[in-house]
S.K.: 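Provided herewith is a single structure, encoded as structure tokens, for subsequent inquiry.
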Amino acid sequence: MNLILLGPPGSGKGTQALKLSKQFGFKHISIGDVLRSNVEDRTDLGLSAKKFMQNGDLVPDDVIIGMVESSFKTYLSPESNLTKIIFDGFPRTKSQAISLDSKIQAFGLRLISVVFLDVPDSVVQDRLISRGRDDDSPELVSNRLRVYKDLTEPLLEYYKTKGILTKIDGDRSPDIVFSNLVDMIELKVK
Ligand code: AMP
């Protein structure tokens, strides 16, 4: 089974993706992490993504879709034996979701479950500001939340209509959220 973690910035997607990868052997694909390491290494991709990230905006879809396609090619080669991927922070727009749908078919992947980590705005704001990443300043956090609401939140309806969305209350301790996720996955793979 492949999994998408959806939720606002600061909802715990990265933390939970790491824990789930350890427990179940998912390959963790975090677009944010790949982008940040490209910015650090000053690659062409990093140089073009930097200004969007610094403003708390999304990197354009064609760049992101190209990145995901190349990681699919890397991880899904016939020798890779990979059956489980966890997408953390992707898709974030409708066109990314549509592109992912067609890639899933093309690469013959198994069912995708989408988990929405539901956390109120005031809680994610506090979490992000105390996390202190470069893009976690109060102004950027407000913009990132606005971008999330405008472009990413509509995906909840998109996946709900497909019948593959599970909502989990993310406003609890990481261990409790994790045990909910484990229960959900074990139920689905039965
Ligand atoms: P994250 O680590 O997931 O919070 O992502 C940090 C930043 O990377 C975001 O604010 C965006 O600028 C960029 N980013 C990450 N994932 C995506 C995506 N799927 N589409 C567009 N931009 C993204």
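Numbering of ligands and ligand atoms starts at 1, following listing order.
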S.K.: From atom 1 (P) of ligand 1, work out which of Arg92, Gln96, Lys13 has a heavy atom at the shortest distance.
M.R.: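 Considering heavy atoms of Arg92, Gln96, Lys13, the nearest to atom 1 (P) of ligand 1 sits in Arg92.
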S.K.: Who passes side chain to side chain donor-acceptor pair (under 3.5 Å) against Asp57, sequence neighbours left out?
M.R.: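 For Asp57 the side chain to side chain donor-acceptor pair (under 3.5 Å) partners, ignoring immediate neighbours, are Asn143.
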S.K.: Quick one: which ligand 1 atoms are inside 4.0 Å of a heavy atom on Asp57?
M.R.: 11 (C), 12 (O)
S.K.: With atoms numbered from 1 as shown, which atoms in ligand 1 lie under 4.0 angstrom from a non-hydrogen atom of Arg144?
M.R.: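 Per the distance check, 4 (O), 10 (O).
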S.K.: Counting only heavy atoms, which portion of Leu58 has something under 4.0 Å from ligand 1: side chain, backbone, both, or neither?
M.R.: both
S.K.: Taking 4.0 angstrom as the limit and counting only heavy atoms of Arg36, give me the atoms of ligand 1 inside it, by number and element.
M.R.: 2 (O), 6 (C)
S.K.: What atoms of ligand 1 come closer than 4.0 angstrom to any heavy atom of Gly89?
M.R.: 16 (N), 17 (C), 18 (C), 19 (N)
S.K.: Quick one: look at Arg133 and ligand 1, take heavy-atom pairs under 4.0 Å, and tell me if it's side chain, backbone, both or neither.
M.R.: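 Arg133 to ligand 1: side-chain contact only, backbone stays beyond 4.0 Å.
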S.K.: Please state which protein non-hydrogen atom is closest to atom 13 (C) of ligand 1 and give its distance, to 0.1 Å?
M.R.: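 Going by distance alone, atom 13 (C) of ligand 1 is nearest to Leu35 CD1, 3.5 Å.
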S.K.: Please work out, at 4.0 Å between heavy atoms, whether the side chain, the backbone, both, or neither of Asp88 comes within that distance of ligand 1.
M.R.: neither
S.K.: Does the plane of the ring in Phe24 sit parallel, tilted or perpendicular to the ring in Phe26? Use 30° and 60° as the thresholds.
M.R.: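 Ring orientation of Phe24 relative to Phe26: perpendicular.
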S.K.: Does Asp44 have any side chain to side chain donor-acceptor pair (under 3.5 Å) partners at least two apart in sequence or in another chain, and if so, which?
M.R.: none
S.K.: Using the rule that two of Ile, Leu, Val, Met, Phe, Trp, Tyr join whenever any of their side-chain heavy atoms come within less than 4.5 Å, decide whether Ile176 and Ile168 are in one cluster.
M.R.: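 Not linked; separate clusters.
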S.K.: Considering non-hydrogen atoms of the protein only, which is the closest contact for atom 22 (N) of ligand 1, and what is the distance?
M.R.: Val59 N, 3.1 Å
S.K.: So does Arg92 get a backbone contact from the side chain of Gln96, meaning a donor-acceptor N/O pair under 3.5 Å?
M.R.: yes
S.K.: Is the shortest distance from a Lys or Arg side-chain nitrogen in Lys162 or Asp101 to a carboxylate oxygen in the other one below 4.0 Å?
M.R.: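 Counted as a salt bridge, because a side-chain N and a carboxylate O are separated by less than 4.0 Å.
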S.K.: Please determine if Ile31 has a nitrogen or oxygen closer than 3.5 Å to a nitrogen or oxygen of ligand 1.
M.R.: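 Between Ile31 and ligand 1, no N or O pair is found under 3.5 Å apart.
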S.K.: What atoms of ligand 1 come within less than 4.0 Å of a heavy atom belonging to Gly32?
M.R.: 2 (O), 5 (O), 15 (C)
